[in-house]
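Numbers restart at 1 for each chain; the letters A, B, ... are given by sequence-line order, proteins then strands.
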2 protein chains.
Amino acid sequence: MILEKKRLFDAYAAKQGLRSTRQRDVILDIFLSTHEHLSVEELYLKVKASHPGIGQATVYRTLKLFVDAGLAREMTLPGGQTRYEHQLAGEHHDHLICTRCNRIVEFEDATIERLQHEIAQRHGFRLTGHKMQLCGICPACSAAEIQ
Amino acid sequence: MILEKKRLFDAYAAKQGLRSTRQRDVILDIFLSTHEHLSVEELYLKVKASHPGIGQATVYRTLKLFVDAGLAREMTLPGGQTRYEHQLAGEHHDHLICTRCNRIVEFEDATIERLQHEIAQRHGFRLTGHKMQLCGICPACSAAEIQ
DNA sequence: CAAACAAATGAAAATCATTTTCAGGACCGC
DNA sequence: GCGGTCCTGAAAATGATTTTCATTTGTTTG
Ligand SMILES: [Zn+2]
Ligand SMILES: [Zn+2]
Ligand SMILES: [Zn+2]
Ligand SMILES: [Zn+2]
């Protein structure tokens, strides 16, 4: 899984004629070691902890490479926050987001995906992607509310 | 329709103890006279054209009031652009967006809406809203592509 | 292995959308 | 009309991201 993504990035780098650098290796390793939906700042802090020399511009630049390489996905939360998560070709999920505590839960629904394609088709659109975020209050926050 | 929204804003203003100002009247009139999904900048330019004195901070502040009053809805396009559109309680639609020419087409799908609620329920979330944007290439752009 | 060139990096500056600040102006109840 | 607020516009501040540019680092070549 992790190896697969490293290979994916190597393949992309080769195809694009990118150089192999210590910084990209480090950022990729740390990104792949996480399991969350990370903000650039969060990833930058993790990187800086073990490699203080790496600047945040490099983290920004490198995350965009990961997206282009197909191993990461960029998502914009309600409120405008940008976050990055792992992604593999063929895999797909959408998000339930708690507007109180910002917890993110992933889900998949084949029926919705199919309906989305039908809608696009009905309007003559060739669908290339979609964003779906369900916003609400998570069980924990609901419970805390009642006390 | 337009009157209804004006009344909605008046009611909201009364409830919140907001004052009635020339600027808010102007911005509301111009906002209601449009039928697009407007950026703040676009609305500001329209406003400035007939009322050069009105500043953009006021446009920003006033659009947020419209959202709170329930007559406008804020949407974030892929790429991070924020836009505002008309909204009435009970009405709801989602968007098909052409990633080539930025055309926006609205649609409604009751089945998807129902499934979204079921998904939320299954995860214990109390759903308060959602964003769904289908991204693709519109018929016009597809046609232009082939030539 | 070195030289040579280009790409990548880090720090700082620039950008861009949005928010805040604040001094003056405009509502509204009296 | 008066006075206390709320509202406004201009400008400054903010925050996230991008760009710039001098320097460092890969890579290729001889
Ligand atoms: Zn929560
Ligand atoms: Zn996810
Ligand atoms: Zn198009
Ligand atoms: Zn719309």
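Residues from residues 12-22 of chain A lying near DNA chain D, meaning a heavy-atom separation below 4.0 Å, are A/R19, A/S20 in numerical order.
Atom CD in B/E41 sits about 9 Å away from atom P in C/dT18, given to the nearest Å. Distance A/Y60 OH to C/dA8 P: 20 Å, rounded to the nearest Å. Spacing between atom CZ of B/R83 and atom P of C/dA17 amounts to 12 Å, rounded to whole angstrom units. Taking atom CD of B/Q23 as the reference point, atom C1' of C/dG25 lies 10 Å away to the nearest angstrom. Nucleotide C/dA11 holds its P atom 11 Å from the CZ atom of A/R61, rounded to whole Å. Atom CD of B/Q81 and atom P of C/dA17 are 8 Å apart (whole Å).
Each of B/E85, B/Q133, B/K131 was compared with B/H95 under the side chain to side chain donor-acceptor pair (under 3.5 Å) criterion, and only B/E85 meets it.
With hydrogens and angles disregarded, a donor-acceptor distance shorter than 3.5 Å links the side chain of B/T34 to the backbone of B/F31.
An angle of 30°, rounded to 10°, separates the two end axes of the helix from C/dC1-D/dG30 to C/dC30-D/dG1, each defined over five pairs.
Note that the first and last nucleotides of DNA chain D, 5' to 3', having any atom under 4.0 angstrom from a heavy atom of chain A are D/dA16 to D/dT27.
Using cut-offs of 30° and 60° on the angle between ring planes, the pair B/H92 and B/H130 is perpendicular.
Centroid-to-centroid, the aromatic rings of B/Y84 and B/F66 stay 6.0 Å apart or farther.
In this structure, the side chains of B/I30 and B/S50 come closer than 4.5 Å at one or more pairs of heavy atoms.
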